[in-house]
Amino acid sequence: MKHRPSIWAQLRQALHRRPELSGHEHETANTITQFLTQLQPDTLLTGLGGTGVAATFNGQQAGEHWLFRCELDALPITETNAFAHRSEHTGVSHKCGHDGHMAIICGLASRLAEDRSFAGRRTVLFQPAEETGAGALAVVADPRFKAMAVDRCYALHNLPGIPLGEVQIKAGTFNCASVGLAITLHGESAHAAHPEQGRSPAPAMTELLRQFLSINTSLPNDEINMISVVYSRLGNRGFGTIPATAEIGLTLRTEHNTSMQKLKQTTLNLAQDCAQQHGLGLETAWHDEFLASVNDETCTKQVAEAAESMGHTVTWLDQPMRWSKDFGAISAAAKGAMFVLGAGLEIPQIHDAAYDFPDALIEPAMGIFKQIAYQTG
Ligand SMILES: [Zn+2]
Ligand SMILES: [Zn+2]
């Protein structure tokens, strides 16, 4: 007889079938809202920071307000899997496991609804647009979030390449701060037969690329501080014209939010000096900004102890994860902890077209959150 997936695995697979991009998670938010409505929470908020949904359950005794966060969005990746629950939306799929994270938090919500023996209030938050970094910032900026007066917040992210169910955590910076910078250099085009009549940005672009590709060794190395060149473009395909514009895309990454301010300034100065020396116009734009996600000491210990008591292996990291997670915006508003949960050694990495969240991880992950939710502050 074929093994029947649990109701949580079925929910996860249903969400997997109907993925939506960051900021456009309307149907997903509706599905979640319907699920939460039948649990009869004390408060149900929709349209939080865009498409976000939050349900609050009041406990039997007074106490703190704790929040558990997951994400609604999928990625602009075409799924290569052929299984029955494959994405029905061409070019969009859940390749970060947010479908799994949602199923975990739905399971937690269901338990909170039926057993109110906790102290204080517990909120489950389904936030939009995690992949762009815009969602958590928008949720935090929503006045209804501030009114919730959250004391603590918790989140996890699954990670392939780590044994299934292993918890990795550290106090202090857990995920780095990062931001994208689009640099555009403006010169003047000319006929390719008379390059001297134009002002090609090619030499300046080459100079900047060389600088940015070698800059990491000269940045302060007492913490993570790095620049990655992510794209570049010069002119258009064609053989008769000297280009007028060049573009370079960079991603800046640091361990602390304060060091990010310095690295941003260093980068801008290099671009400005170069543009000036070459007599070019300069345009810069920041994109996809993520704050460092900083774990509070008490909340971190709480996660580790809860995981250990549920039989999970807990590994303490000495370096933060280089990836950025926008949970940093939420844990800047209330003390909190984010941790990584191993998704198994043999599965494709997140953001890989063949990735699929392992259903076997749903209930163990739910167990950790349930264990935390019924503790007192
Ligand atoms: Zn992702
Ligand atoms: Zn993710």
Side-chain angles (χ1 to χ4, degrees), residues 8-9 11-13 15-25 28 69-83 85-87 89 91-105 126-136 154-170 174-178 180 224 228 230 251 253 288 290 292-293 312 315 317 319-328 330 337-366 368-369:
W8 307 117
L11 172 63
R12 202 279 297 176
Q13 293 174 12
L15 292 165
H16 189 95
R17 267 187 220 111
R18 316 278 299 165
E20 292 169 296
L21 291 177
S22 307
H24 301 276
E25 312 92 335
T28 309
R69 196 267 339 225
C70 63
E71 319 89 329
L72 292 163
D73 57 337
L75 285 156
I77 298 173
T78 301
E79 172 143 52
T80 53
N81 298 315
F83 45 54
H85 65 275
R86 67 182 173 274
S87 167
H89 296 164
V92 185
S93 53
H94 272 294
K95 293 300 159 193
C96 209
H98 298 173
D99 49 347
H101 300 170
M102 285 188 272
I104 293 163
I105 296 297
F126 297 76
Q127 74 147 76
E130 195 278 337
E131 296 291 351
T132 60
Y154 304 88
L156 63 76
H157 207 292
N158 79 96
L159 192 58
I162 296 172
L164 192 88
E166 179 176 322
V167 167
Q168 297 197 345
I169 197 163
K170 79 180 275 291
F174 188 67
N175 290 106
C176 286
S178 77
I224 294 169
S228 303
V230 288
T251 302
R253 201 174 296 282
D288 298 5
F290 290 84
S293 190
H312 292 260
T315 301
L317 301 172
Q319 284 266 327
M321 298 271 159
R322 283 192 187 176
W323 287 291
S324 300
K325 297 283 171 213
D326 77 347
F327 188 66
I330 296 174
M338 165 118 199
F339 62 100
V340 147
L341 194 57
L345 298 171
E346 306 295 332
I347 74 162
Q349 267 306 327
I350 47 174
H351 293 210
D352 183 306
Y355 168 87
D356 187 40
F357 184 92
D359 286 323
L361 197 54
I362 299 176
E363 277 168 83
M366 225 183 257
I368 298 175
F369 281 148

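Along the sequence shown, residues carry numbers from 1.
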| said: Do R69 and D326 make a side-chain contact, defined as non-hydrogen atoms from C-beta onward lying under 4.5 Å apart? | reply: yes

* Asked: Would you say the side chain of E363 lies within less than 4.5 Å of the side chain of W8, judging by non-hydrogen atoms?
  -> yes

Interatomic distance, CD@Q127 vs CZ@F327, rounded to 0.5 Å, equals 9.0 Å

- Task: Report yes if some heavy atom in the side chain of K95 is under 4.5 Å from a heavy atom in the side chain of E79; otherwise report no.
- Result: yes

Item to complete: Carefully, step by step, assess I362 and F357 under the rule side-chain contact (heavy atoms from CB on, under 4.5 Å).
Response: CA-CA 9 Å; I362 299 176; F357 184 92; 3.7 Å; yes

**Prompt:** Do the side-chain N and O atoms of N175 and H157 include a donor-acceptor pair separated by under 3.5 angstrom?
**Reply:** no

- Query: Can you find a pair of side-chain heavy atoms, one from F174 and one from M321, that are under 4.5 Å apart?
  - Reply: yes

* Is any side-chain heavy atom of H85 less than 4.5 Å from a side-chain heavy atom of R12? -> yes

- State, yes or no, whether a side-chain contact exists between Q319 and I224 at a heavy-atom distance under 4.5 Å. yes

NE2 of H94 to CD1 of I77, rounded to nearest 0.5 Å, is 12.0 Å

Residues S178 and T251: closest non-hydrogen pair is CB-CG2, 4.5 Å

The side-chain hydrogen bond (donor to acceptor under 3.5 Å, both in side chains) partners of E166 (sequence neighbours excluded) come to Q168, T315

Heavy-atom side-chain proximity of Y355 to N158 below 4.5 angstrom: yes

* Asked: With a 3.5 Å cut-off and no angle check, do the side chains of H351 and E131 form a donor-acceptor pair?
  -> yes

For L361 and G165 the tightest heavy-atom approach is CD1-N, 3.7 Å

**Request:** I would like to know whether I169 and M338 meet side-chain contact (heavy atoms from CB on, under 4.5 Å); could you show each step before the answer?
**Result:** CA-CA 7 Å; I169 197 163; M338 165 118 199; over 6 Å; no

| message | Any non-hydrogen side-chain atom of P160 less than 4.5 Å from a side-chain atom of I350? | response | yes

To the nearest 0.5 Å, atom NE2 of H16 lies from atom CZ of R86 at 10.0 Å

Mark yes or no for whether S22, through its side chain, and D73, through its backbone, hold a donor-acceptor pair below 3.5 Å.
no

_Tell me if a side-chain donor or acceptor on E25 pairs with a main-chain N or O of A129 at a distance below 3.5 Å._
yes

So NZ of K325 and OG of S293: to nearest 0.5 Å the spacing works out to 10.0 Å

Per side-chain contact (heavy atoms from CB on, under 4.5 Å), I368 is matched among L341, I104, L156 by L341

Heavy-atom closest pair (D359 atom, A9 atom, distance to 0.1 Å) is CG-CB, 3.7 Å

Minimal heavy-atom distance between V92 and P19, with the atoms involved, is O-CG, 3.3 Å

Rounded to the nearest 0.5 angstrom, the OG-CG distance for S87 and D356 is 11.0 Å

d(L75 CG, D352 CG) to nearest 0.5 Å is 11.5 Å

* **Sidechain-backbone polar pair: H98 side chain, E71 backbone, donor-acceptor under 3.5 Å** => no

Closest heavy-atom pair, N81 versus A353, reported as atoms and distance to 0.1 Å, is ND2-O, 4.1 Å

Query raised in the report: Is it true that a side-chain atom of S324 and a backbone atom of C176 form a donor plus acceptor pair closer than 3.5 Å?
Result: yes

Under a 3.5 Å distance rule, please check whether R253 uses its side chain to pair with a backbone N or O of R322 as donor and acceptor. yes

